[in-house]
Student: 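After the structure tokens below, expect a handful of questions from me.
Chain letters run A, B, ... following the sequence lines, proteins first and then strands; every chain starts at 1. Excluded from the calculations below are hydrogen atoms, water molecules and symmetry mates; all remaining heavy atoms, backbone and side chain alike, are included.
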Amino acid sequence: MTNSIEARGLAVAFGRKQVLCGVDVEVPEGSLTALLGKNGVGKSTLLRALGGELRPDSGSLTVLGLDPWRARTELAARIGWVDERTAWPKWMRVEEQWRFLAPFHPTWDDAEARRLAREFHVEPRAKLAELSRGERAVALLVAALAHRPKLLLLDEPFGGLDVLARRRVFAALLEHLGNTGASALFATHSLGDVERLADRVVLLVDGRVRLAGELEGLRADARRFAVELKGSAADWRPPEDARIERRDAREAIVCALERGADVERSLACDARVRHVEPLGRELEDLLAAALGEETRR
Amino acid sequence: MNVWRALWWKEARDHRVLFATCALLYVALLAGAELVLGDGFDATLRLGAIHPAALLVVAAAFAAEALAHDAASGVETTLMRLPVSRWKLWSAKASFVVAALAGFELVAFAAELVLASFEPAADSSRLTPVFAWWLAALLAAASLLRRALPAALVGVGVPALLGWLVLGAERMPNVDLLGRVASASGPLGVALALTAALCIASVAAYCVVRFDRFGLRRVGAFAAGGMCVVAPPLAWTFASTSSRADLVPFTHGVSIWNVRPSPDGRYVALQAERVAKLDGDWPTLSRESWLSTTELSRLEVWILDRATGECRELDDRWRSIWSPSRRGWSAREWTSDGHLLTVSAPGTFGSGEYRYELVDPRTARVVESFGDDSDALELAADIPPSWYRLERIGNHSVLALADGSHGVRLRDDQPVTLSPEVGIAFYRDEAGALLRKNLLDGSERVFARFDGESIGRPRVSPDGRWVAIQEREKLSIRGARDGELVFGPEQGVLVEWSSHGRLATITHRDATFALGLDGSRVELPRAWPIECGAEGFVTRLPDRVEWHSLDGARVETIYAVR
């Protein structure tokens, strides 16, 4: 399977601030990859670099077989980019936005735009500036899908959507990817969206990739345990590949995103551990644990 | 809709309110001023002050809005993500600004036509060429800018270009742009350097992305773009006025007369009667403006060196104040060898006396000065062919050669002229006949009879071969011995002979021609236009002589206006 996105050792800095430090990312063709990370970790920066808006300081980057920086114009015709922070003129209506965008995209399908608008309950005569946050996100998604892109870059695309709208959008997105074989990379904070939509995940922590892989593999490998200790938990250290999610006086919650079975065996052999109890393997809890800091009670 | 149309459509929608506001405000301003000021609100004020100022404001507003508004609102980021090259984005913006200004000019033109329709025709006659020039320049710029120019330079190039257009348009009635460029490299250099610096500053202001959050980039783009518009004309004006101009703008606002070629044809002395510039423009002379411009208006004497093309004004002290009595320096005669020019100026105001100076044409500086007419004549030994004396005895005048050897007694009101080189004088007797008097042998004969018709002062060529006679309806140039040679047009024609007699310059209204006799072709470097009236008659020139305009082109007909 070929990759829609291939990044190796990608580094981007703004002045003295290093935002991305040697990021490796692969997005296989036809996949829907979630990009996770806390605020300011570099998700949007990575998307901008992928769209050719930023020139990486180092590393190699290929998107749909092109160098984004050198072939920005060509690449932009094949990308659907949804970013709720992008601005449009205040006077512009939804259908005027379609009319404006159509000449730029030879593959623009006006009928598809109208179909999606009907499906998402987007009013073509409405002004973009007067839409609610959720409506606006859906309108931007319609515009991004109507030219049948080969790759979707979605930056916080589903914020503000109610439950019903979210379902409709997810269904349409999956249908689009299924029909066209396109790929998508979406940055989000919603772990629920990741579980419902993504088949792959990339986890960014401090400008580096902490975890990247298929969700099914993550489900199979990851474990969470409640550990009861014989003495104080304050100076206890978990096995390799595990991290403490929460620490009490004599108890700790331990999370292992990879090789969970090995971690379970190590805990069982630890002399300071009185009892180990496996917790549920909900993906949302696992990702939350991976993103979160250790807390003490 | 293609990409260009889409980008233009977006810009038009972005700025249509601004355009409508500017146009309405401009029209309202003109209408209000017309109501308040009435007759005082004329085309000079509108075109000279209000329109340029309004255009500057509109140009700066449009340029800044097109450049900076999208950046400030975040729309620029959206546009940059479209599959279109950046130079195309900027070119669309730049060309839209140019087109918007052209549209504003159309509105201004329409408003001006309406207002001018209430004024005398002379005032509105300037409008069409002014605005046509503007529109042509703007459209040409638009067609140029739509091709491949680097994106940033396109963005700032528009206001810079507009600055130069302002410069050209403001000077349009007086413009000799190529001549200015050729001769005023100093001011041009200053203006170009300043424009370039502002272009760079604009690019820099626009490229400082990190200042976006404070809105400084927008302010910078606005200020720099506006300065690009304002600076070149200011720089040009400042540089032009701070250094002596070597170019002679003998065009609108200046009358040229008394054109006197030197005998060897190398120099041409000419006299410029100049109305003072007020607020950077030539005012229309009227009874009311006469006094207000007295102190600045002047008569100048210039000497054009045909060999080098250099035109020198006589030393500054020759620059006379132009008074209602039209006193001022005037070029008189060349010496026969062409080495010296005599100029005259009135003495003490009201005294009737004149002073004479001899000027070296190579330096345009005085070499001798004489207190009055009599003293000047004493110098006749050095320049014998060109001098005569006219003495008054009672009610009569005595005309004589400088050495006093021959003379002729004339009535006081008789026009007279003479050719001292060969000792021939023409004058009219009491019966109105034109007499030819040989001063050397005293012989006299009737040259022509006019039977009561009035004629102007006959002007004899220095070699005595030709005489120009201005009659009521025509100008005749006749062979002094052989009778009539040329019939020219009607009155109002001024003839000046060269000292060698082979060249006459003929000034008729605003047109000046050089007439070469004996088949000699005369070429002078400048051309003054023939003023063509709508009604009049055309005089076909005879084939026996060649008429040339001062640019050397052959003149076939003379248009005369009744």
Side-chain angles (χ1 to χ4, degrees), chain A residues 14-15 17 44 47-54 64 66 68-93 95-108 110 127-129 136 139-140 143-144 147 149-153 155, chain B residues 1-21 62 64-93 95-96 100 146 148 150-151 207-215 217-218:
Chain A
F14 295 133
K17 185 181 181 185
S44 295
L47 290 176
R48 291 176 66 192
L50 295 174
E53 203 171 282
L54 282 177
L64 298 177
L66 300 169
W69 180 255
R70 294 181 184 280
R72 185 194 67 83
T73 305
E74 187 182 349
L75 188 61
R78 299 160 67 182
I79 286 181
W81 198 335
V82 178
D83 181 351
E84 68 172 1
R85 285 163 299 187
T86 53
W88 288 88
K90 290 181 179 175
W91 50 264
M92 191 174 271
R93 300 178 189 276
E95 61 184 4
E96 288 174 330
Q97 183 201 31
W98 299 344
R99 187 151 56 114
F100 175 70
L101 288 173
F104 296 94
H105 298 283
T107 55
W108 181 270
D110 207 52
K127 286 185 177 179
L128 285 165
R136 191 166 179 279
L140 296 179
H147 68 91
K150 292 294 182 189
L151 173 65
L152 279 166
L153 298 178
D155 195 353
Chain B
M1 191 155 63
N2 61 24
V3 170
W4 280 110
R5 286 184 62 188
L7 292 172
W8 266 58
W9 172 75
K10 182 244 168 209
E11 293 298 326
R13 290 292 303 269
D14 274 348
H15 298 104
R16 62 181 180 179
V17 174
L18 177 65
F19 182 87
T21 304
F62 268 96
E65 280 297 298
L67 286 172
H69 180 266
D70 280 350
S73 65
V75 175
E76 185 185 82
T77 304
T78 307
L79 297 177
M80 290 294 189
R81 290 178 178 177
L82 294 174
V84 60
S85 60
R86 289 173 186 177
W87 79 262
K88 196 174 280 189
L89 280 176
W90 289 109
S91 297
K93 285 179 175 293
S95 53
F96 172 79
R146 285 188 61 174
C207 290
V208 183
V209 179
R210 68 179 60 186
F211 288 167
D212 263 358
R213 71 180 65 173
F214 308 114
R217 179 162 66 156
R218 185 173 185 173

Student: I need the Leu153(A) CG to Arg81(B) CZ distance, nearest 0.5 Å.
Tutor: 9.0 Å

Student: Can you check whether Thr86(A)'s main-chain N or O pairs, donor with acceptor, with Thr77(B)'s side chain at less than 3.5 Å?
Tutor: no

Student: In terms of heavy-atom proximity below 4.5 Å to chain A, should Leu79(B) be classed as side chain, backbone, both, or neither?
Tutor: side chain

Student: Report the option among Lys90(A), Met92(A), Glu53(A) that has the most heavy-atom pairs separated by less than 4.5 Å from atoms of chain B.
Tutor: Glu53(A)

Student: Just wondering, do Pro83(B) and His105(A) contact through their side chains at under 4.5 Å, heavy atoms?
Tutor: yes

Student: Working to the nearest 0.5 Å, report the span between CZ of Arg48(A) and CE of Met80(B).
Tutor: 11.5 Å

Student: Got a second to check how far Arg13(B)'s CZ is from Glu96(A)'s CD, nearest 0.5 Å?
Tutor: 4.5 Å

Student: Just wondering, do Trp88(A) and Val75(B) contact through their side chains at under 4.5 Å, heavy atoms?
Tutor: no

Student: I'd like to check Thr78(B) versus Trp81(A) (side-chain heavy atoms, cut-off strictly below 4.5 Å). Are they in contact?
Tutor: no

Student: Sort Leu101(A) into side chain, backbone, both or neither according to what part of it lies under 4.5 angstrom from a heavy atom of chain B.
Tutor: side chain

Student: Indicate yes or no for a side-chain donor-acceptor contact from Arg72(A) to the backbone of Val84(B) under 3.5 Å, with no hydrogens or angles considered.
Tutor: yes

Student: A side-chain contact here means heavy atoms from C-beta on lying under 4.5 Å apart; do Trp91(A) and Arg16(B) qualify?
Tutor: no

Student: Verify the neighbour count for atom NZ of Lys150(A): are there more than 12 heavy atoms of other residues, nucleotides or ligands below 6.0 Å?
Tutor: no

Student: Of all heavy-atom pairs between Ala87(A) and Gly74(B), which one has the smallest distance, and what is that distance?
Tutor: CB-C, 3.7 Å

